[in-house]
Amino acid sequence: MPDARHAILARLRAAQDKGHLPPPDYGRLDPRGWSAAERLNRLRQTMMAAGTEFLDARAVAWLDALQQWLAAQDVPGCIYAPTTRVGQKIAAGWNGQAPLVPFLRPLADWKDELFAQAGAGITTTHGGIVETGSLILWPDALEPRSLSLIPPVHVALLDCRQIYDTLWQAMREQNWQSRMPANLLLLSGPSCTMSLGSEPVVGIHGPKRLLVILVEGDPAA
Amino acid sequence: MISPPTSDFGNAAREGMHDDSQARTQARLALDGLKSRRAVQFSDPHEWAALRALGGLIREHTLRHLPELLETLETNLTANGIQVHWAETVEQGNAIVARLVGEEQVKQMVKAQSAVCTEMGLHHAIESLGVTVTESDVVGGLLQQGREWPSHMVIPALHKTGDQVAPLSGATVTDVEGLCRMARRTLRDKFAAADAGLSGVNFAVAETGTLVLVENEGNARMCASVPRMHIAVMGLEKVTARLEDVPPLLSLLTRSASGQAITAYVSMLSGPRRSDEKDGPDAVHLIILDNGRTRLYADPQWRKTLQCIRCGACQNHCPIYDKVGGHAYPGAYSGLIGTILAPQQLGNDDAGTLAQASRLCHPCTEVCPVLIPLDKLLIRRRIAQVQAAGDDLWLWRLWALIHRFPLLYRLHLVVLRSLGRVLPQMKPPSVNWPAALHPRRMTAQNLHQLARAQRISDA
């Protein structure tokens with residue numbers, strides 16, 4: 001509505017105070033200076049308090065560890081992104097004891113089928129953030145956002161060397177402002193609600209369980 | 001059809017105070033929980049002071065540059081493929097949504113909880129077009145089914161226990177886990193089948209053309225990702241200049257609102273799905289709503305209310321809100337910010353008595369994460385209301401006169417004491433005399449005399 005736009009902006013301009021304000025000092029958001037071990041430990045503590053589960057695969061083959069976990073937890077297999085490097089590694093190393101469902105077609109073509117899947121959606125991450133206990137998810141053409149949203153379990157691969165103290169630090173070091181994707185997600189636990197009583201209740205509309213697999217280095221290697 | 005609560009605060013407050021005790025107990029328990037969780041988050045006073053100073057300054061910057069920021073936001077959203085619409089009034093906003101819904105032949109819509117949507121009565125407006133609208137957050141949906149109005153802007157069923165929420169659905173579920181399982185099952189079908197998703201916006205970043213959605217349940221992600229169209233609605237004050245504004249504002253918001261360092265999901269949306277992506281909406285629309293905000297902006301003091309990030313901390317700490325409950329407040333916002341916003345949005349006549357809904361006790365101002373001077377705004381609102389009403393001015397002028405002259409003061413005490421027995425039976429001198437006040441009884445001796453009798457000297 002061009003008239004509404006014009007009227008709104010005109011009213012704002014008419015009343016606008018053009019005086020000087022000091023600029024905000026973002027420097028106080030600088031990193032805290034924790035060691036790598038401290039960072040990982042704090043991240044784990046914070047995320048576990050929100051209901052996140054961890055699988056430490058820094059000294060083992062993560063794909064084997066994952067398949068054992070899935071079997072032990074009765075989670076029927078995985079839905080994965082087959083054209084990513086990690087996806088290719090998963091396909092190559094899958095032992096076939098549980099279904100492995102590729103996310104190949106557009107969501108619109110198989111929406112009901114995906115909603116009915118009981119397996120775990122598996123994704124990579126672009127690092128972790130200690131201050132808030134969060135993972136950075138960067139869905140794209142190869143790794144759809146639905147993998148971390150629709151299946152009842154979400155498995156996220158985290159490179160322990162890529163953990164930032166604060167969100168602000170991650171944003172700056174990864175240069176988010178010049179390359180924002182259509183959908184960027186800060187993920188901090190399984191879905192929950194604060195609206196039923198004074199404690200969070202886990203397992204609402206997003207995944208009911210979040211498993212973070214800790215790896216040292218590139219998980220596709 | 002759910003009606004908003006009465007605009008007569010006086011009567012609604014009386015009803016709220018005499019409300020069934022379980023609701024008040026439950027609300028108080030929940031508020032205590034929210035307050036203590038927040039206190040734990042901000043236990044470092046230096047960090048609190050520095051962070052809220054930064055948050056307040058960032059919000060001031062937004063207001064200082066508001067028209068330019070809105071234009072930059074529009075430019076960058078458009079470059080990202082998000083279609084921007086402007087609405088001066090609630091009617092215009094609803095008409096825009098109606099047009100989009102018609103053009104895209106939307107039959108089913110899923111909706112994430114949003115105070116702006118409540119403000120617009122959007123749910124009802126879309127339903128009247130024959131579209132099925134499903135509230136998708138677990139409690140908002142049940143309130144909708146139970147035909148109830150939210151009582152808190154962040155936790156809509158604050159006044160209900162988990163056991164009370166469950167029966168709203170009409171199902172036989174009695175425990176909270178069962179409720180969540182049922183909500184998840186029911187809503188998944190709705191998410192999958194919906195043609196459009198509707199949500200609010202917590203922050204809109206002008207620099208990058210990004211909409212930020214903050215939530216725990218995952219339903220806002222569903223609404224914004226699964227259906228082919230996503231419609232987002234926001235008040236025009238939600239814009240912020242830079243992406244690096246988000247970390248401090250987000251931290252202040254979640255820690256103040258629910259005592260969480262961050263919510264389970266923070267989505268940053270910068271467009272519909274890219275051409276090579278396999279999921280995401282085909283179209284994203286943003287509606288920028290005025291509805292009285294430019295009127296607030298025109299006044300340098302009222303403008304500060306536009307710094308609000310809707311955390312709800314002021315209402316959590318308000319003893320009036322604790323006593324009367326959110327349903328006593330007209331409109332979508334309750335507690336202190338509602339007391340200040342409602343008169344602007346609904347017109348002073350409708351919401352005038354709301355200005356009396358404060359003890360001037362100050363916690364709201366102390367917990368506001370973006371330094372809104374709520375106490376000063378409330379006093380100004382009250383002065384305006386009293387001057388407009390005019391009823392009590394003679395009484396207050398007499399009171400001021402009596403307290404200016406010691407002789408008059410002593411004289412008036414003598415008069416009041418001699419009328420002591422008669423006074424409680426007298427009709428109140430003003431129509432605004434609260435009926436809840438107990439009749440006053442004057443003592444035979446004044447305080448000075450009592451103290452002298454106990455050999456406490458005046459000096």
Side-chain angles (χ1 to χ4, degrees), chain A residues 1 4-5 7-9 11-13 15-17 21-22 24-26 28-29 46 50 103 105-107 111-112 115 131-134 140-141 144-146 149 166-168 171-172 176-177 180-198 200-201 203-206, chain B residues 29-30 33 50 54 57-58 60-61 64 66-67 70 85-88 92 138-139 155 157 162 165 176 180 183-184 187-188 192 207-208 210 216-219 221-222 225 236 243-244 247-248 258 261-262 264-274 276-280 290 294 297-298 300:
Chain A
M1 284 207 145
R5 180 187 186 278
I8 289 169
L9 290 173
R11 283 199 288 274
L12 293 176
R13 292 214 163 87
Q16 198 177 7
D17 173 1
L21 260 186
D25 174 19
Y26 300 97
R28 67 161 315 282
L29 302 169
T46 311
F103 198 131
R105 293 171 286 158
L107 176 66
K111 205 190 287 192
D112 291 338
F115 268 85
E131 184 185 42
T132 51
S134 308
D140 57 16
R145 67 191 76 176
S146 303
L149 175 62
T166 65
L167 169 57
W168 190 75
M171 234 179 219
R172 303 253 303 183
W176 289 10
Q177 53 268 37
M180 291 295 280
N183 184 314
L184 196 169
L185 177 70
L186 295 176
L187 171 64
S188 307
S191 71
C192 67
T193 181
M194 299 295 295
S195 304
L196 292 168
S198 49
V201 178
I204 316 295
H205 301 299
Chain B
L29 270 174
L54 177 58
L57 188 55
I58 289 171
E60 271 190 272
H61 267 273
R64 193 63 63 106
L66 191 54
L70 287 170
H85 314 264
W86 301 70
E88 287 181 84
Q92 279 183 14
V138 64
V139 169
I155 303 199
V165 170
V176 163
C180 292
R184 185 185 164 86
L187 263 304
R188 279 176 83 78
E207 179 189 19
T208 52
T210 301
N216 279 311
E217 295 180 15
N219 60 309
R221 285 183 69 198
M222 286 282 192
S225 300
L236 51 76
L243 193 61
E244 62 184 339
S258 54
I262 196 172
Y265 307 115
V266 176
S267 303
M268 302 193 189
L269 310 175
S270 306
R273 70 178 178 85
R274 308 256 155 100
D276 51 356
E277 284 182 340
K278 299 184 187 66
D279 56 7
D290 180 352
T294 49
Y297 190 83

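Scope of the values below: all heavy atoms of this structure, side chains included, with no hydrogens, waters or symmetry mates. By convention in this document, chain letters (A, B, ...) are assigned in the order of the sequence lines, proteins followed by strands, and residues within each chain are numbered from 1.
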### Task
Name the member of Ile58(B), Leu54(B), Thr210(B) that forms the most heavy-atom pairs with chain A at distances under 4.5 Å.
Leu54(B)
### Task
Against chain A, work out which of Glu217(B), Met268(B), Glu277(B) has the most heavy-atom pairs shorter than 4.5 Å and name it.
Glu217(B)
### Query
Do Tyr297(B) and Ile8(A) come within less than 4.5 Å of each other through their side chains, counting heavy atoms only?
no
### Task
Select, from Glu88(B), Glu207(B), Glu244(B), the one with the greatest count of heavy-atom pairs under 4.5 Å involving chain A.
Glu244(B)
### Message
For the CG atom of Leu21(A) and the CD atom of Glu60(B), what is their distance to the nearest 0.5 Å?
### Response
5.0 Å
### Query
What distance do Trp176(A) atom CH2 and Leu243(B) atom CG have between them, rounded to the nearest 0.5 Å?
7.5 Å
### Message
Let's test your reading of the structure: which of Gly218(B), Pro300(B), Gly271(B), Ser270(B) forms the most heavy-atom pairs below 4.5 Å with chain A?
### Response
Ser270(B)
### Considering all heavy atoms, the nearest Pro24(A)-His61(B) contact
CD-NE2, 3.6 Å
#### Entry: Selection from Pro144(A), Cys192(A), Pro106(A) maximising heavy-atom pairs under 4.5 Å formed with chain B
Cys192(A)
### Summary
Whatever's closer than 4.5 Å to a heavy atom in chain B on Arg105(A) counts as backbone
### Message
Could you tell me if the side chain of Leu187(B) sits less than 4.5 Å from the side chain of Ile204(A), heavy atoms only?
### Response
no
### Query
With a 4.5 angstrom heavy-atom cut-off, which part of Thr193(A) approaches chain B: side chain, backbone, both or neither?
both
### Query
Between Val138(B) and His205(A), which heavy-atom pair has the shortest distance, and what is it?
N-NE2, 4.0 Å
### Query
Using non-hydrogen atoms only, which part of Met171(A) is less than 4.5 Å away from chain B: side chain, backbone, both, or neither?
side chain
### Message
Using a 4.5 angstrom heavy-atom cutoff, name the option from Gly189(A), Ser191(A), Ala182(A) with the most pairs to chain B.
### Response
Ala182(A)
### Task
Report yes if the side chains of Leu12(A) and Leu70(B) come closer than 4.5 Å at any heavy-atom pair, otherwise no.
yes
### Message
Only pairs of heavy atoms separated by less than 4.5 Å count here; which of Gly33(B), Ala50(B), Ala261(B) has the most with chain A?
### Response
Ala50(B)
### Query
Are any non-hydrogen side-chain atoms of Ile262(B) and Leu186(A) less than 4.5 angstrom apart?
yes
### Task
Could you tell me which of Gly203(A), Gly133(A), Ser188(A) has the largest number of non-hydrogen atom pairs under 4.5 Å with chain B?
Ser188(A)
### Summary
Interface check, chain B: of Leu9(A), Val201(A), Leu187(A), Asp25(A), most non-hydrogen pairs under 4.5 Å belong to Leu9(A)
## Note on the structure
Note: vs chain B, highest number of non-hydrogen pairs under 4.5 angstrom among Arg172(A), Glu131(A), Arg13(A) is Arg13(A)
## Note on the structure
Applying a strict 4.5 Å limit to non-hydrogen atoms, the region of Leu29(B) in contact with chain A is neither
### Query
So which of Asp112(A), Asp140(A), Thr166(A) has the biggest tally of heavy-atom pairs under 4.5 Å with chain B?
Asp140(A)
### Task
Could you tell me whether the side chains of Gln177(A) and Thr208(B) share a donor-acceptor contact shorter than 3.5 Å?
no
### Task
Could you pull out the closest heavy-atom pair between Pro200(A) and Met194(A), with the gap in Å?
CB-SD, 3.7 Å
